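Take a look at the structure below.
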Amino acid sequence: VHWCVPEPMTAKRLPSMLVVALATAAVGKAFQYADQIEDTAKAFDVATSSMMAMQAAFVASGGDAENAGGALQKLAIAQQGAIDGSDELREAFTKLGISGRDVEQLQLGELFKRVATELAKVEDATQRTALQTQLLGKAVKGTNWKDFVSNYKELGDPASRIVTGK
């Protein structure tokens with residue numbers, strides 16, 4: 001019987017072992033992040049590719065990738081509130097030129113694109129901030145909506161293009 005005795009830990013082997021450990025951790029984090037994107041997309045019935053494009057557009061326009069999920073969640077609540085009769089939420093959508101019929105009929109992802117497109121058109125910063133907070137939550141504070149819409153179009157959303165709303 002031959003016993004294999006491992007080489008003792010040497011200063012020469014440590015850097016390569018560290019690189020392997022870090023690479024393994026990075027791959028694990030990448031898979032975990034991909035799972036989170038997919039889970040968020042499924043939760044809101046949005047294509048994974050749309051969710052990824054949305055997250056990238058948030059990052060490229062002054063926001064955080066995690067804002068996408070929070071914004072969709074808040075918008076889903078606002079959409080249902082408007083459908084259920086909240087005059088305040090209906091008025092917020094109307095100020096953006098989004099009809100009650102659109103609020104009722106658009107899928108959440110499409111409604112988000114409409115809201116983003118219309119927010120980009122609001123020149124008054126105070127009004128824009130109030131509307132974005134009311135419909136999308138505080139997490140999107142600091143997002144430049146003109147940049148967001150431009151970045152989202154540029155990144156391309158294979159599921160569908162930005163809605164013009166008209």
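Along the sequence shown, residues carry numbers from 1. Only a predicted model underlies this, so the values are computations on that prediction, with no experimental measurement involved.
Taking OG1 of Thr129 as the reference point, atom CD of Gln134 lies at 12.5 Å (rounded to 0.5 Å). One finds the CZ atom of Arg128 at 7.5 Å from the CG atom of Asn144 (value rounded to the nearest 0.5 Å). Within the model, atoms CG of Leu136 and CG of Leu119 stand 6.0 Å from one another, a figure rounded to the nearest 0.5 Å. Within the model, atoms OG1 of Thr94 and CG of Asp87 stand 10.0 Å from one another, a figure rounded to the nearest 0.5 Å. In this structure, the separation between CD on Gln132 and NZ on Lys141 is 9.5 Å, given to the nearest 0.5 Å. Atom CD1 in Ile77 sits 12.5 Å away from atom OG in Ser86 (nearest 0.5 Å).
A donor-acceptor distance shorter than 3.5 angstrom exists from the side chain of Gln79 to the backbone of Leu106, with no hydrogens or angles considered. For the pair Thr117 (side chain) and Lys113 (backbone), a donor-acceptor distance under 3.5 Å is present. A donor-acceptor pair under 3.5 Å is absent between the side-chain atoms of Arg114 and the main chain of Val103, judged by distance alone.
Contact detail for Val149 and Ala120: the closest heavy-atom pair is CG2-CB, 4.1 Å. Closest of all the heavy-atom pairs between Asp147 and Ser61 is CB-CB, 3.6 Å. When all heavy atoms of Val140 and Ala71 are compared, the pair lying nearest together is CG1-CB, 3.8 Å. Heavy-atom minimum distance, Gln127 versus Val122: OE1-CG1, 4.0 Å.
Residues Ile98 and Leu111 are in side-chain contact: their nearest non-hydrogen atoms beyond the backbone lie under 4.5 Å apart. Leu96 has its side chain within reach of Leu135: a pair of non-hydrogen atoms, C-beta onward, lies under 4.5 Å apart.
Among residue pairs with one or both ends in residues 74-118, those qualifying as ring pair (Phe, Tyr, Trp, His ring centres under 6.0 Å) are Phe112-Phe148; sequence neighbours excluded.
No continuous path of hydrophobic side-chain contacts links Val59 to Trp145 [ILVMFWY only; heavy atoms under 4.5 Å].
Heavy-atom neighbours of Gln105 CD from other residues, nucleotides or ligands within 6.0 Å: above the threshold of 12.
By the 4.0 Å N-to-carboxylate-O rule, Glu91 lies close enough to Lys95 to be salt-bridged with it. Taking the charged nitrogens against the carboxylate oxygens, Arg101 and Glu104 have no contact shorter than 4.0 Å, which rules out a salt bridge.
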